[in-house]
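Below is one structure, written out as structure tokens; the observations come after it.
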Amino acid sequence: MFLPIPLDYRQSLCEVRSKRNEILSKGIITEIDEEFVRISAKNGDYLKLLNVNQPVKVNVYNKLGFTVLVGFVLTSTEDEMKVVDVVRIVDHERRNHFRVEVGMFAKISSSGDFTDDEEQAEEAKVSAVFIKDLSLSGTKIETRQHFSKGNKVWIQFNLGNCIITAQCVVVRRTIDESKKFYQYGCEILFDSEADNDRLCAFLFRKQRELAMSSRS
């Protein structure tokens, strides 16, 4: 049986936080299942009502050790909340904003224009890159193109159900001599909060898939 955290974490105090790390509610973990974690209000208190499918982070406090879960709200009342697609994240993932290996292709544009027209695409200097990993705030990409630290470009990638476009700022560069590729660590800057939410949902689900496959 795959559980996000051991059953010994039942009755632990917890904080429910937004993806921006704002405290939304405090409660007690009362049920741990393969499919969900149930959080109940403390005696004399109540939980804030949250939207269905809202991504949340749950900080759990227990003598076994502090741990962090991420998932999505399935049901929400003043008395209890059920969180599904739950994944336990480790220290380095917390520091890197849920960095997840994705391995997918994307497009880079110097102007933000990703037109399908070949002539316009040439003017906009659109090229393909390989995304090695993604987080809510950054990505590591691989390409033969040369960029310098501080360069700003636009990146566009397909999450399956939507296409995300965001600005990228190069913060570091390494060279893979064997493949003749450059690898860049980039900060991602979103114009659209909705796109940031879509990426958050994708990363949570991708992380759960990776966690499940590692246990199989």
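Side chains included, hydrogens not; waters and symmetry mates left out as well; all remaining heavy atoms used.
Closest approach of Ile39 and Gly27 over heavy atoms only: CG2-CA, 4.2 Å. The two residues Val52 and Leu74 come nearest to each other via the heavy atoms CG2-O, 3.6 Å. For the residue pair Leu3 and Glu34, the shortest heavy atom distance occurs at CD2-N, 3.6 Å. Cys168 and Ile188 get closest at one heavy-atom pair: SG-CG1, 4.3 Å. In terms of heavy-atom proximity, Glu31 sits nearest to Phe36 at OE2-CZ, 3.4 Å. For Arg198 against Leu159, the heavy-atom pair with the smallest separation is O-CD1, 3.9 Å.
With a 6.0 Å cutoff to the six-membered ring centre and a 45° limit on the axis angle, Arg144 does not count as a cation-pi contact of Tyr182. Judged by the 6.0 Å and 45° rule, Arg205 forms a cation-pi pair with Phe72.
In this structure, the separation between CD1 on Ile131 and CE on Met104 is 4.0 Å, given to the nearest 0.5 Å. Here the straight-line distance linking atom CH2 of Trp154 with atom CG of Leu189 works out to 8.5 Å at 0.5 Å rounding. Atom-to-atom distance recorded for Glu22:CD and Glu15:CD is 13.0 Å, nearest 0.5 angstrom. Atom CG of Leu50 sits about 10.5 Å away from atom OG1 of Thr77, to the nearest 0.5 Å. Residue Leu49 holds its CG atom at 11.5 Å from CG of Leu24, rounded to the nearest 0.5 Å. Here Phe157 contributes atom CZ and Ile108 contributes atom CD1; the two are 10.0 Å apart, rounded to the nearest 0.5 Å.
One hydrophobic cluster, built from ILVMFWY side chains closer than 4.5 Å, holds both Ile32 and Leu64. Residue Val169 is not grouped with residue Ile155 when hydrophobic side chains (ILVMFWY) are merged at heavy-atom distances under 4.5 angstrom, including chains of intermediate members.
For Thr165, the side chain to side chain donor-acceptor pair (under 3.5 Å) criterion is met by Gln156, not counting sequence neighbours. Contacts of Gln145 classified as side chain to side chain donor-acceptor pair (under 3.5 Å), with partners at least two apart in sequence or in another chain: Ser127.
For Tyr61, the OH atom counts as densely surrounded, since its 6.0 Å shell holds more than 12 non-hydrogen atoms of other residues, nucleotides or ligands.
Asp133 places a side-chain N or O within 3.5 Å of a backbone atom of Lys140 that can act as its donor or acceptor partner. Not one N or O on the side chain of Thr75 forms a donor-acceptor pair closer than 3.5 Å with the backbone of Met81. Judged by distance alone, the side chain of Ser135 and the main-chain N or O of Gly138 form a donor-acceptor pair under 3.5 Å. Without hydrogens or angle criteria, Tyr184 side chain to Phe147 main chain gives a donor-acceptor distance under 3.5 Å. A donor-acceptor contact shorter than 3.5 Å is absent between the side chain of Ser25 and the backbone of Leu47.
Applying the side chain to side chain donor-acceptor pair (under 3.5 Å) test between Gln183 and each of Arg173, Arg172, Glu142 identifies Glu142 as the sole match. For the side chain to side chain donor-acceptor pair (under 3.5 Å) with Ser12, the lone residue among Asn62, Thr30, Thr67 that qualifies is Asn62.
Residues Ile164 and Phe190 form a side-chain contact, since some pair of their non-hydrogen atoms from C-beta on lies under 4.5 Å apart. In this structure, the side chains of Gln167 and Asp191 stay at 4.5 Å or more apart for every pair of heavy atoms. Proximity of Pro55 to Lys57: side-chain heavy atoms (C-beta onward) are nowhere separated by under 4.5 Å. Leu13 places a side-chain heavy atom less than 4.5 Å from the side chain of Ile28. Side-chain contact check for Leu134 versus Thr139: some heavy-atom pair is nearer than 4.5 Å.
Taking the six-membered ring for Trp and thresholds of 30 and 60 degrees, Phe130 and Phe105 have ring planes more than 60 degrees apart, a perpendicular arrangement.
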